[in-house]
Amino acid sequence: MSGQARLVEQYRRLPADRRREIAERASPKLRSQLAAVERDIAMRHSPGSLAALLTDGREMQAAHLDLIDDAFRRIAAGETIRLLLTMPPRHGKSRRAARWAPLWYLLQRPDHRVMIASYSSDLADDHGRWIRDAITTWGDQLGLQLHPGSKAANRFDIASKEGGLFAAGVGGGLTGKGAHLAIVDDPIKDDADAQSPTMRRKLWEWWQAVLLTRIEPGGSVIVIQTRWNEDDLAGRILAGETAADWIIIDLPAIADSENDALGRKVGEPLWPARYGRKALKAIRRSVGERVWWSLFQQKPRPQEGGVWKRAWIDTARVTPVQFGGLEMARIVVAVDPSGGDSEVNDETGIIGLAAGFDEHLYVLADESGTLGPNDWGLRACQLALDLRADAIVVESNYGGAMAKTIVRQAWEQLARDGKTRGVLMPMLLEVNAKVGKRLRAEPVAQLYEQGRVHHVGHFPDLEGQMVTWVATMDSPDRMDAAVHGLTELADPDQLAALAGGSLDGRLAGRR
């Protein structure tokens, strides 16, 4: 290697400010070589930078696409990850994750094999064809060439390297060499497939028996999709025993949580440069509420629609500042322990609620989660302390007197730890829900319709359960806890009238 070649190689490894100093002092000939090195460094920085350079800046970049880039950079650096990224359609996910990013990955790791799977072999082949043609077009700049005898759209190899790419449709075979990186992009074709239990089962069986068996030791998997159904591929991954092994990035079209993956404020759009609030509002009107909440907000809901309407919650919502000027007559914490019968990870619902002197009701806090008995007892009691609740309402269908015992023991533990500060334990009210779920929920939903229930801030998980629940579904624990607490706080005469006299009598004697 010549002295100038060694200089160029050393230059590549220097920090940017030092490279700039060297380039400024270099001769015109050397500066030309260094410019080529700078271009190569930029192309190798990320899939987005590669796309921008090869298209002369025409390829768009956005914060949510940075997340896709970061995942591929981590994998190329040698990290093994499982990533589930859910985001709305027409936001560039397939173009970045199934085209530019695999091309960039092969530039970084030409000895690795990449697998791309989509809902049909035609779509998967389109992705493979695009990457193959990109190598043909920009191969000299990339330093990549196709193997002369392996140039098919659905399977090609890199010349003089061990790596390459193969593509297949979901449900098809993936014979041959294993994959160091598997990308599953849009595994569901349409609503008909999404709503078919048979098609969902077949997709899951293919995922377990075919795709996962092709991953090389230390290999990574990326699943990128829009949500269609609670039981779709993403839903089963989230509900599975290995969910803790996955990096979950949920990107709704409009931020609906303070824990947004991009740090957005509630109400901010995902890609404002292309789809601002006005455009998304028009899309929502066009596609309808069910499609909007599934495909665009990543919160699939049943086709029949829920007992609650989203507008009832949104219209009556108040801010913490607005609530701070009100005086409450009662405050309770309602608990619905997990029943253990669901195929998904059951949660314990823990909801803080209040009643004003004007007979309006308020949802104050949601501390629900997948918790063991001791943990949910401590969390419920701590919330009662924080809110200065006068009662803890516990649903006792699953466990009977055990639920009350858990709460008492948790309070005693907090007292021993000095956290109760001498405060007496709130009343412990036991709920035994004897009537059907709809008969319990409907009177409370009607209070929402009347504008008498106000959420203080946003509770996306609780609200998602409310607006997606129908009578034929298992009743989710957050929603059940809220119903128990609001029933306890509501005026018994009015609530009984709303229920048509069908309540189970647990309001009798209460103010």
Side-chain angles (χ1 to χ4, degrees), residues 1 5 36-37 39-41 43-47 49-51 53-55 59 68 71-73 75-78 80 94-187 206-207 209-224:
M1 182 182 293
V37 174
R39 181 177 175 83
D40 185 65
I41 291 173
M43 287 194 300
R44 292 176 181 274
H45 179 261
S46 71
S49 61
L50 173 68
L53 283 166
L54 294 182
T55 64
E59 189 72 20
I68 298 176
F72 278 87
R73 292 175 67 182
I75 297 169
T80 298
S94 293
R95 184 170 178 84
R96 181 56 54 87
R99 295 191 173 185
W100 283 111
L103 174 65
W104 177 86
Y105 184 82
L106 288 173
L107 171 64
Q108 301 290 96
R109 296 280 190 162
D111 289 319
H112 280 195
R113 299 200 67 78
V114 177
M115 175 201 310
I116 298 178
S118 294
Y119 64 77
S120 72
S121 58
D122 287 344
L123 179 57
D125 290 355
D126 284 346
H127 293 324
R129 183 178 296 105
W130 187 97
I131 297 168
R132 180 200 64 184
D133 293 348
I135 294 174
T136 300
T137 302
W138 293 303
D140 291 340
Q141 298 181 55
L142 299 171
L144 293 176
Q145 301 296 329
L146 295 171
H147 189 285
S150 179
K151 296 184 178 181
N154 65 344
R155 188 183 185 99
F156 60 78
D157 298 324
I158 303 299
S160 304
K161 301 292 182 179
E162 293 296 320
L165 179 143
F166 59 103
V170 165
L174 295 171
T175 57
K177 297 180 181 180
H180 299 88
L181 171 60
I183 304 162
V184 179
D185 174 68
D186 279 337
W206 171 86
W207 165 261
V210 180
L211 185 133
L212 292 180
T213 64
R214 309 309 306 173
I215 308 302
E216 295 282 1
S220 293
V221 181
I222 296 178
V223 176
I224 302 183

Under 3.5 Å donor-acceptor, [X] side chain and [Y] backbone:
X	Y	value
Asn154	Asp125	no
Arg214	Ala179	no
Thr136	Arg132	yes
Trp100	Ser49	no
Ser118	Asp186	no
Ser150	Asp157	yes
Arg73	His45	yes

(request) Quick one: sort the His112 and His180 rings into parallel, tilted or perpendicular, breaks at 30° and 60°. (result)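 Aromatic pair His112/His180 classed parallel.
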Taking every non-hydrogen atom, the tightest pair across [X] and [Y]:
X	Y	result
Gly169	Ala124	N-CB, 4.3 Å
Ile183	Pro102	CD1-CG, 3.6 Å
Asp185	Ser94	OD2-OG, 2.8 Å
Thr80	Gly218	OG1-O, 2.7 Å
Arg95	Trp130	NH1-NE1, 4.2 Å
Ala182	Leu211	CB-CD2, 4.4 Å

(request) Just do the side chain to side chain contact (heavy atoms under 4.5 Å, CB included) check on Val221 and Trp207 with the steps written out, would you? (result) CA-CA 11 Å; Val221 181; Trp207 165 261; 3.8 Å; yes
(request) Starting from the C-alpha separation in whole Å, work towards a yes-or-no answer on side chain to side chain contact (heavy atoms under 4.5 Å, CB included) for Leu54 and Leu142. (result) CA-CA 10 Å; Leu54 294 182; Leu142 299 171; 4.3 Å; yes
(message) Under 4.0 Å between a side-chain nitrogen and a carboxylate oxygen: does that hold for Glu216 and Arg113?
(response)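 Salt bridge flag = no for Arg113 with Glu216.
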(message) For Asp133, is there an ion pair with Arg129 - N to carboxylate O distance below 4.0 angstrom?
(response)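 No, no charged N to carboxylate O under 4.0 Å.
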(request) List the steps, then state whether side chain to side chain contact (heavy atoms under 4.5 Å, CB included) holds for Val114 with Ile131. (result) CA-CA 11 Å; Val114 177; Ile131 297 168; over 6 Å; no
Starting at [atom1] of [X], measure out to [atom2] of [Y] and round the result to the nearest 0.5 Å.
X	Y	atom1	atom2	result
Leu144	Leu106	CG	CG	7.0 Å
His147	Phe156	NE2	CZ	13.5 Å
Met115	Arg155	CE	CZ	10.0 Å
Leu107	Asp40	CG	CG	7.0 Å
Ile75	Gln108	CD1	CD	12.5 Å
Arg96	Phe72	CZ	CZ	10.0 Å

(message) Ignoring hydrogens and geometry beyond distance, is a side-chain donor-acceptor pair present between His127 and Arg99 at under 3.5 Å?
(response)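 Per modelled atom types, His127 and Arg99 side chains form a pair under 3.5 Å.
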(request) With side chain to side chain contact (heavy atoms under 4.5 Å, CB included) as the test, would you mind laying out the steps for Ile135 and Leu103 before giving the verdict? (result) CA-CA 8 Å; Ile135 294 174; Leu103 174 65; 3.7 Å; yes
